[in-house]
Amino acid sequence: MTSKHRPLYGHLHRQLLPAPPASTPAAAGVTWNTRLRELSKHGQFSEALALYRQMLRCGGSPNAFTFPFALKSCAALSLSIPGVQLHGHVIKTGCGPEPFVLTSLITMYCQCNLIGSARKVFDECPQGNLTVCYNALTSGYAFNSRFLDAVALFCQMRELGVSFNSVTMLGLIPACTLPAHLSVGMSLHSCIIKFGLDTDLSVGNCLLTMYVKCGCIKFAKTLFDSMPKHGLITWNAMISGYAQNGLASNVVDLYQQMKSQGIHPDPVTLVSVLSSCAHLGAHSIGREVERQIELSGFGSNPFLNNALINMYSRCGKLAKALAIFNAMPEKTVVTWTAIINGYGMHGQGEIATQLFDDMIRSGVRPDGAAFVSVLSACSHAGLTDKGLEYFEVMKEKYSLRRGPEHYSCVVDLLGRAGKLAEAFDLIRSMKVEPDGAVWGALLGACKIHKNVELAELAFKRVVKLEPENIGYYVLLSNIYNEAGNLEGVLRVRVMMRDRKLRKEPGYSYVEHRGEVHLFIAGDRSHPQTEEIYRMLHKLESLVEGLHDLKENEISGMSVHSEKLAIAFGILNSEPNIEIVVIKNLRVCGDCHSFIKSVSKVLDRRFVVRDATRFHHFSNGICSCRDYW
DNA sequence: GTAGGGTTAG
């Protein structure tokens, strides 16, 4: 069995032993290089560097076939000091002019963020074979977010008549992943078509990713549909694109389509699908994905386990989430954050904070996102002092930047505790610009504590930042309404009319026997419509006591989607009625009291998951729950 | 025998 065919991992210790004596020094060099290549090819970069050092210790001399792999390892690990040392060895051994070595040097310097050194190597490149050197530096600029330099270098290439190829494009396109740079990206796309490089699958994938990252999901889908071939990466790019842009149901559709075409998903695919299941609360699809993970042997993939914890937490299956958490041998800050979030969003603030403290004890350093999860856990559970303590520790002990996402949690925390003035002071003391979520949290607190004056102030700020967010208008209108200020209600309505803002229809859904049943207000499209309305009528009569309503009084737009969902659940004897509400504001007061009354009359417990409350989360969705 | 490149979680 040659070393090329030997399984790598089990024999690592043997590979690190000194090289067997070879008949000639050149033959010994080949043996070292072969091993180095194997390790680098399998992503074993630390081992590759160890092997390089060992080679030097054993008196082996590196050559032009050694350096590319050793440099690649430094690049992958971002190790600049060994990288610079290697550069010294390159010069000493006279391998400097070798194009393979030069491009590896440029890449190494770029990945270590030493652009100046990369440029120096580039400027000294001998004429001829310039394309690869240009490619290396262009992609290096893109890697370091130097958009203008990358584009300028490409222009220079064209002016000097240096030929370019699809690899040039693969380096250049990632420079255009900001919406501001999209126009350049689109001209690159034209250029790609003009030169016939669009038949390259990798180039297509790269363009697809560019559109996705610029938020142009429509362009991305058009490109996807026009591509002659779809590789696994193509499917993944499109699926993760939908997931990143919050189009969770498109993710599920595309995933089904992918499977129906016989393409096997990999962990990258499944991570996106799970994150979308979490957004949708689509527990049954999530469970199916978990089976798929086990069948495919991806069970120990940490990315997938984190995604599973997140999915089960958001779907309300905390025990399951905890079991996966406990079984994970290595827990990163992401793992801890997922489980803390899970307990936090279900009002179990005590457990969430305990977990947070356990995390620190276990030596995992919290990051900004971990603090968001613990702060919001404190705010939901009313742990005001504890939350303020974390907020302090975040800055004092961990020197983490406190962003608007943290401030909005603390404003919420103070606001719910009735400390409106303190919340307002906190906002005024902010060194970063407060965003809509921060003012929105204050506005929400004003609703709870009926403070019209402060609400007006918060509203003024929030509509400046998010003029299109209808939720805030409705919130203020409700505050006025509760205060009996009808003039105020009218003023808000006029404002909405003038700005041509119309409330999007809210929708609610219930999962029944693995299927999602979706309702919009006044919906009559469900196959069981007649029975649902009859049940709703019955429930309305029950909670209204002796008032017997006429059938037509509960028909049309006044029938909220939550009510239809609950009537459907009761009608079908759904044991755990969990209604997920997606709209621009929290569950309305009318439905709130309706569900509460039904719960009381029937002596049953319901969970309403309101997917759009005024909490700032990175994905814009917060899964707070209310129980009745 | 070698370089320059495309998809991933809270």
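The chains referred to below are lettered A, B, ... by the order of the sequence lines, with proteins before strands, and numbering in each begins at 1. In this text the structure is predicted, and so the values were computed from the model without any measurement.
Partners of Asp200(A) according to the salt bridge (Lys or Arg N to Asp or Glu O under 4.0 Å) rule, which considers only residues two or more places apart in sequence or in another chain, do not exist here. With sequence neighbours excluded, no residue satisfies side chain to side chain donor-acceptor pair (under 3.5 Å) with Asp253(A). Every residue two or more places apart in sequence or in another chain that forms a side-chain contact (heavy atoms from CB on, under 4.5 Å) with Asn305(A) is listed here: Leu308(A), Ile324(A), Met328(A).
Sorted by first and then second residue, the pairs that involve residues 208-236 of chain A and meet ring-ring contact (aromatic ring centres under 6.0 Å, His included), not counting sequence neighbours, are His189(A)-Tyr211(A), Tyr211(A)-Phe219(A), Phe224(A)-His230(A), Phe224(A)-Trp235(A), His230(A)-Trp235(A). Sorted by first then second residue, the side-chain hydrogen bond (donor to acceptor under 3.5 Å, both in side chains) pairs that include residues 91-115 of chain A, not counting sequence neighbours, are His87(A)-Tyr109(A).
Counting non-hydrogen atoms under 4.0 angstrom, Ala338(A) reaches nothing in the nucleic acid. Base engagement by Asp367(A) is indicated by at least one non-hydrogen atom pair under 4.0 Å involving a base atom.
The CD-P distance, from Glu38(A) to dG1(B), rounds to 14 Å in whole Å.
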Treat primed atoms plus P, OP1 and OP2 as sugar-phosphate and everything else as base, then score nucleotides 2-9 of chain B 5' to 3': B for base contact with protein heavy atoms under 4.0 Å, S for sugar-phosphate contact only, - for none.
BBBBBBBB
